[in-house]
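See below for the structure under consideration.
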Amino acid sequence: MFRRTVIGKHRTTSSISTVRPVHTQPHPPHLSLLADKCNSMHQLQQIHAQMLVTATFHDNFAASRLLSFSALSINGDVIYASKLFNTIQQPNMFMWNTLIRGFAISPNYPHEAMLLYVKMRRIGVTPGKHTFPFLLKACFNLRSAGSCKQVHSHVVKVGFDLDFHVVNSLIRTYCGSSGLVFARQVFDEMPDRNVNVWTTIVCGYAQNDCAQEALALFNRMVGEGFEPSGPSLSSVLSACAQSGCLDMGEKIHRYIVEKGFETEVILGTALVNMYAKNGAILLARHCFDNMPEKNIITWNVMISGLAVHGHAKEAIELFQELEKCHHVKPNDSTFVGVLSACCHAGMLDFGRKIFNSMRDVNGIEPKIQHYGCMVDLLGRGGMVLEAEELINRMPWQADLKILGALLSACGSYGNIEVAERVVKKMLVLEPDNHGVYVVLSNMYADAGRWDDVSRLREVMKDGSLKKTPGWSAGGDKD
DNA sequence: CTAGGGTTAG
């Protein structure tokens with residue numbers, strides 16, 4: 001069990017590799033140091049075992065080091081942490097908080113954080129000021145405004161409603177669960193604020209598509225004498241990007257330069273995005289090229305910015321540059337940008353190659369947006385049948401958007417046969433979609449099929465194709 | 001004795 005190979009790496013004294021009887025063993029403080037240095041659950045379990053044998057585990061500080069690793073580390077195991085926690089007779093506040101935090105940030109068990117909090121209250125333990133930010137993180141990850149409200153009332157009852165960290169967490173959590181009104185209320189009721197709180201509310205509005213309000217609040221913040229921080233500038237740039245406020249964006253850029261802010265990844269990306277969304281593609285590119293460090297979001301913003309503004313070739317060249325980059329790997333939205341560039345440039349073969357390379361080379365499963373790009377690309381290239389086939393091969397049901405792209409390709413290339421099949425599918429999804437009748441009718445007219453035009457007109461008067469034999473939208477299922 | 005809030009895209 002106590003393999004020297006693993007433990008021995010960090011061994012500082014000889015006592016650790018030899019298990020001595022408990023009564024002769026003083027609490028070895030180095031065991032908790034080891035717990036801090038461990039990087040796998042395997043190592044952690046060995047230290048745990050050592051602590052049990054040497055009675056070190058009864059020391060709450062030592063036990064909490066184990067708890068922290070297993071609950072919080074990327075290589076940890078929150079279920080193990082929970083079991084470990086249950087063996088502790090008198091957990092202290094740090095331990096309760098650590099496990100709540102561990103559950104809160106776990107992908108699968110944020111709800112357990114709430115349950116643990118309830119359990120803690122039931123046995124009469126009063127939460128500390130650190131408890132609430134963790135608990136609220138769980139609410140945030142659950143996207144639950146209801147839970148947030150409940151926690152909010154506990155915050156008030158326990159009296160932490162003046163703690164910046166706690167209140168900021170409340171605002172952030174409300175913003176993340178469609179509770180912008182509550183967030184604003186909490187914000188307005190604060191007797192005093194700091195830059196972080198201002199940033200949270202500005203960001204909250206920006207992320208909820210309320211760019212104007214975000215800009216207004218940012219201006220108010222500055223007006224009240226707060227020095228904008230890097231994060232607050234990133235947030236307001238996002239608002240400038242959404243709302244087309246190039247002037248404001250440039251003003252912010254000048255401010256960043258004047259104040260000598262480090263344009264590290266996030267702030268730099270926010271600038272690139274702001275310029276790209278505003279169509280100032282050269283300025284975007286200039287910022288991009290001058291960034292010393294970029295992440296995948298930076299690349300995506302630049303690539304799709306180029307694609308959208310008619311620089312398909314450059315977008316693809318940039319993607320090829322990204323492929324040579326060792327520390328940044330493309331993700332699924334990278335491919336949305338690249339495929340839309342192919343679409344724009346009509347690069348059919350290259351687009352097919354890229355689409356296939358997603359899974360084969362990059363291990364990324366294409367999503368419906370990628371199929372959408374491909375249908376568009378194939379359709380515009382006149383490969384209407386291939387596009388239809390691709391839709392039929394998708395693992396999901398086609399939506400109106402993707403069918404619409406195919407239908408318009410049918411229109412451009414006069415493929416009535418496919419158009420009729422597509423229209424049927426679209427009417428299943430949306431029986432009163434009049435647009436599709438019009439498209440189809442125009443196609444019949446273009447082909448001189450006047451009988452079909454009038455037949456369709458009758459059907460439209462009826463209100464639905466469903467009633468017409470041979471046109472029963474739900475009737476012949478594919 | 002340990003710890004908490006703010007930032008970039010779709």
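Reminder, nothing fancy here: chain letters follow the sequence lines and each chain counts from 1. Keep in mind the model is a prediction, meaning the values are calculated, not measured.
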Look at all strands and tell whether [X] reaches a base, only sugar-phosphate, or nothing, counting heavy atoms closer than 4.0 Å.
X      : answer
A/S64  : base
A/S229 : base
A/Q242 : nothing
A/K129 : base

Check [Y] with [X], please: is the shortest side-chain N to carboxylate O separation under 4.0 Å?
X      : Y      : answer
A/K251 : A/D247 : no
A/K367 : A/D332 : yes
A/R254 : A/E250 : no

Can you give me the first and the last nucleotide of DNA chain B (5' to 3') that has an atom within less than 4.0 angstrom of a non-hydrogen atom in chain A?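 For DNA chain B, the relevant span reads B/dC1 to B/dG10.
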Check: Do A/S333 and A/N331 meet the criterion of a side-chain donor-acceptor pair at a distance under 3.5 Å?
Finding: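 The answer is yes; a qualifying pair exists.
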Checking A/H154 against A/Q150: is there a side-chain donor and acceptor pair closer than 3.5 Å?
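Side chains of A/Q150 and A/H154: no pair found under 3.5 Å.
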DNA chain B-proximal residues of [range], any heavy atom under 4.0 Å:
range                       : result
residues 326-337 of chain A : A/N331, A/D332, A/S333
residues 78-101 of chain A  : A/N92, A/F94, A/N97, A/R101
residues 156-173 of chain A : A/D163, A/F164, A/H165, A/V166, A/N168, A/S169, A/R172

- Message: Strictly by ring-ring contact (aromatic ring centres under 6.0 Å, His included), give each pair with a member in residues 236-257 of chain A just once, sequence neighbours left out.
- Response: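 Non-adjacent pairs meeting ring-ring contact (aromatic ring centres under 6.0 Å, His included): A/H253-A/Y275.
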Who are the side-chain hydrogen bond (donor to acceptor under 3.5 Å, both in side chains) partners of [X], not counting sequence neighbours?
X      : result
A/N433 : A/E430
A/D188 : A/R184
A/N290 : A/H286

* Asked: Taking only residues two or more places apart in sequence, or in another chain, which ones meet A/F288 in a ring-ring contact (aromatic ring centres under 6.0 Å, His included)?
  ->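 With neighbours one apart ignored, the set is A/W299.
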(request) Quick one: which residue pairs count as a salt bridge (Lys or Arg N to Asp or Glu O under 4.0 Å) with a foot in residues 291-300 of chain A, not counting sequence neighbours? (result)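 Non-adjacent pairs meeting salt bridge (Lys or Arg N to Asp or Glu O under 4.0 Å): zero.
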Under the rule for salt bridge (charged side-chain N to carboxylate O under 4.0 Å, His left out), what residues qualify as partners of A/K83, not counting sequence neighbours?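 None.
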Report all side-chain donor-acceptor pairs from residues 260-274 of chain A shorter than 3.5 Å, counting only partners two or more places apart or in another chain.
unit_1 : atom_1 : unit_2 : atom_2 : d
A/E264 : OE1    : A/I266 : N      : 3.1
A/E264 : OE2    : A/L267 : N      : 3.2
A/T269 : OG1    : A/V265 : O      : 2.6
A/T269 : OG1    : A/T298 : OG1    : 2.8
A/N273 : OD1    : A/K277 : NZ     : 2.6

